[in-house]
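Report on one structure; see the data block that follows.
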Amino acid sequence: MSLLNDEKFIELLLEKKAASRKVIDNAKKIALEQDLTLEKALIKNKIVDEEELAKIKAIFFNIDYVDLREEHIPQEILNQIPEEAASHYRFVSFFSDNEKIKVAQFDLEDQRAQEALRFFTWQRGKKIETYICSEASFRNAFKQYHIINTEVKKALEDIQSAIKKPQAASSAAKTSEILIEEAPVSKIVDMILRSAVDARASDIHIEPVEGKLRIRNRVDGVLQTNSEFPESLQLSIVSRIKILSNLKIDEQRKPQDGRFQVNLGGKLIDFRVSTLPTSKGEKIALRILDKDQGIQNLENMGMGVHYRRLILENIRKPFGAILVSGPTGSGKSTTIYTLLSVLNQDGTNIITLEDPIEYYINGVNQSQIRPEIGYTFASGLRSILRQDPDVISVGEIRDKETAELVVHAALTGHLVLSTIHTNSAIGVIPRLVDMGVEPFLIASSLNIAVAQRLVKKICKYCKEEYAPSLEVEKKILKEISQISVMRRKEIGEFIEKRPLKLYRGVGCKRCLNKGTRGRIGLYEILEVTKDLAKIITDGASQDAILKESLRQDMITIRQAGIIKAVRGDVLVEEVLEVSKGEEE
């Protein structure tokens, strides 16, 4: 039955106060005169907002509403429904996993579309969930087929056309460069970059695989395929990125590194580029360096009140070392850059040694090391000590020589920030001892050791409460019981509430149905007090250091994660996974 003749739908419009009876009756007359449905008449004559009407239809048909007007849909998800079918039946796929495909359509009364959806269910072997959307939502989703396919098709045509044109050998390279700069290949590269930035990705991987070029984005620490292109475009796309990065186009046998900057949406974004020769062609990895994301404040990073106070007290000391530890990808560089931005004052001379420089900070003297010419962390550190620095940042302590120089700089009136690979704050001290640094020097030079992890944040728009299993609850209560009474008071009464409740995201349009959006840090900080300095000098026993950390009421990474899970910020499963080493 058409909605035009359905009084129940009209009653729902009246109930939701979308329009008055008089306005609806007038709309029905217009619909009959112009041979329109009531829905079309309401929208065309601007009687009811299109999105509001879609929400009311969702209630009427008892299915979920989705807004896709500003959503970017990854190409492999869009392609779950062929473009021809999407165009003919007016529905589009916006989410897919191993079990289901979520499809949005705006005309639920089209019986042919429903039959087509049943066919796709059988063909794909997956459950298909139908959502209702506005026509504007559908148009935005559908045009994403057109944007990508048109650019690829046009690029292929232009490249083939250029190849067919007779060229003098001397001008071939120049013609190729003009093609890469001016042809739609440049638009495709722009689309790849823009798509990744819109998705809040940290990295883009452009990879030649069997018969195609795969584009994957790393979002919240997880790689996901965004789009695929014909393998014939591989050389042109790689060459375009090399031109942007001032790399050698004709060098394909060895890795190259570069960077470039583009204006996307009125904001300058830096991209760090790395090329790698593989058996199927060159692979490119781009790190997206968005200063707004890379340099934050300590609270937004997830650091608790006690730790923020502790770290700010120690970076205000005139000398000493602050070492940040954690595995690759745990956010150590973000922490260092954030601390440098706090220290960046007119009266402070800050010099950094980095490999590579990720974010440029106005007012900070940043230096890129070059091991191939002998300019290493160790040799660079010797040089910058003659530059009258107040604050020194060394990208990473990798060897005994660098470790000893960092300690020396910290003992001679400089505040030194650096990173080191250990799993915990306590592990920083034995790691330095293993590198050959004398314990009494560590005790005299180290101010604090920081350890951290990054975990995904629960999407605040689709968060739901649930009761944990008995096994998980037991682990949580054990960790809470080991947090000191003083720290529990600082955290707040919510940590003591029973029965215990946890949270998870069910998935929505804002988080692309992942249930998580963004990441946040988990931290533990060990301060080198007089008591700890004596323990280190006496032999740096890890058990003795652990006892001192308990006396300091140190909150471990696992405990910090449990606090955030109970508060509803993160998933408890991920907290337990990233802190496995702390189970005993």
Side-chain angles (χ1 to χ4, degrees), residues 307 310-311 314-315 317 319-328 330-333 335-336 339 353 355 369 371 376-382 385 391-453 523-558 579-584:
Y307 280 167
L310 187 60
I311 208 164
N314 279 276
I315 65 172
K317 291 180 179 178
F319 60 88
I322 294 173
L323 301 186
V324 183
S325 67
T328 301
S330 60
K332 299 187 297 296
S333 295
T335 300
I336 293 291
L339 296 181
L353 287 172
D355 182 26
I369 71 161
T376 63
F377 283 130
S379 64
L381 194 45
R382 288 193 194 92
L385 285 171
V391 178
I392 298 168
S393 177
V394 180
E396 185 183 347
I397 298 175
R398 299 174 180 171
D399 50 48
K400 178 182 178 180
E401 187 179 14
T402 306
E404 288 179 337
L405 285 165
V406 164
V407 168
H408 173 73
L411 287 171
T412 54
H414 307 92
L415 182 65
V416 185
L417 312 181
S418 190
T419 69
I420 189 167
H421 276 283
T422 67
N423 288 325
S424 65
I426 291 169
V428 168
I429 295 163
R431 176 72 177 131
L432 290 171
V433 172
D434 289 344
M435 284 183 170
V437 182
E438 292 291 343
F440 75 92
L441 292 175
I442 298 171
S444 304
S445 61
L446 184 62
N447 289 350
I448 54 173
V450 182
Q452 65 182 80
R453 301 288 189 278
Y523 300 88
E524 64 182 32
I525 300 180
L526 180 67
E527 185 176 23
V528 181
T529 59
K530 288 182 180 179
D531 289 338
L532 182 54
K534 186 175 186 306
I535 291 168
I536 297 170
T537 303
D538 290 346
S541 158
Q542 192 146 342
D543 286 341
I545 297 169
L546 178 59
K547 286 179 183 177
E548 170 59 17
S549 74
L550 295 173
R551 196 194 66 77
Q552 289 186 20
D553 297 328
M554 184 180 83
I555 293 175
T556 66
I557 284 173
R558 174 167 279 210
S579 60
K580 271 184 176 176
E582 298 180 24
E583 287 181 272
E584 298 303 325

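Every heavy atom of this structure was used, including side-chain atoms; hydrogens, water molecules and symmetry mates were not.
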Calculate, to the nearest 0.5 Å, the distance between atoms CG and CG belonging to L446 and L411 respectively.
10.5 Å

Exercise: identify the closest heavy-atom pair between P327 and R453:
CD-NH1, 3.5 Å

Run the numbers on T529 and R551 for side-chain contact (heavy atoms from CB on, under 4.5 Å), then give the verdict.
CA-CA 11 Å; T529 59; R551 196 194 66 77; 4.2 Å; yes

Can I429 and L526 be said to form a side-chain contact (heavy atoms from CB on, under 4.5 Å), step by step?
CA-CA 10 Å; I429 295 163; L526 180 67; 4.0 Å; yes

Minimal heavy-atom distance between A443 and V528, with the atoms involved, is O-CG1, 3.9 Å

Closest heavy-atom pair, A321 versus A410, reported as atoms and distance to 0.1 Å, is N-CB, 3.8 Å

Spacing of OG belonging to S330 relative to NE2 belonging to H421, to within rounding of 0.5 Å
8.0 Å

N423 side chain vs S325 backbone, donor-acceptor pair below 3.5 Å
no

Identified side chain to side chain contact (heavy atoms under 4.5 Å, CB included) counterpart of S418 within the set L381, I336, I397
I397

Using a 4.5 Å cut-off on heavy atoms from C-beta on, say whether the side chain of T402 contacts that of M435.
no

If you look at every heavy atom in A451 and A425, which pair is closest and at what distance?
CB-N, 3.2 Å

Quick check on side chain to side chain contact (heavy atoms under 4.5 Å, CB included): which of L385, L405, L417, V406 does I392 satisfy it with?
L385

Would you check if the side chain of T419 reaches a backbone N or O of G395 as a donor-acceptor pair within less than 3.5 Å?
yes

When you measure from the side chain of K400 to the backbone of D434, do you find a donor-acceptor pair of N or O atoms at a distance under 3.5 Å?
no

Close side-chain approach of Y523 and I311, heavy atoms under 4.5 Å:
no

Spacing of L310 atom CG and I525 atom CD1 [to the nearest 0.5 Å]:
5.5 Å

Between atom CD1 of I442 and atom CD1 of I536, what is the distance when rounded to the nearest 0.5 Å?
6.5 Å

Are K317 and N314 packed together at the side-chain level, in the sense that at least one heavy-atom pair is separated by less than 4.5 angstrom?
yes

Rounded to the nearest 0.5 Å, how far apart are OG1 of T422 and CG of L323?
9.0 Å

Under 3.5 Å, is there a donor-acceptor pair between the side chain of R431 and the main chain of I426?
no

Test your reading of the model: is there a side-chain donor-acceptor pair from Q552 to the backbone of E527, 3.5 Å cut-off?
yes

Distance (rounded to the nearest 0.5 Å) between T537 OG1 and L532 CG:
9.0 Å

E524 side chain to I557 backbone, donor-acceptor under 3.5 Å
yes

Between the side chain of Q542 and the main-chain N/O of G427, is any donor-acceptor distance below 3.5 Å?
no

Minimum heavy-atom separation for L353 and G380, please, with both atom names.
CD1-C, 3.4 Å

Please confirm whether the backbone N or O of V450 pairs with a side-chain atom of Y307, one donor and one acceptor, at under 3.5 Å?
no

Is L441 close to L432 at the side-chain level, that is, under 4.5 Å between some pair of heavy atoms?
no

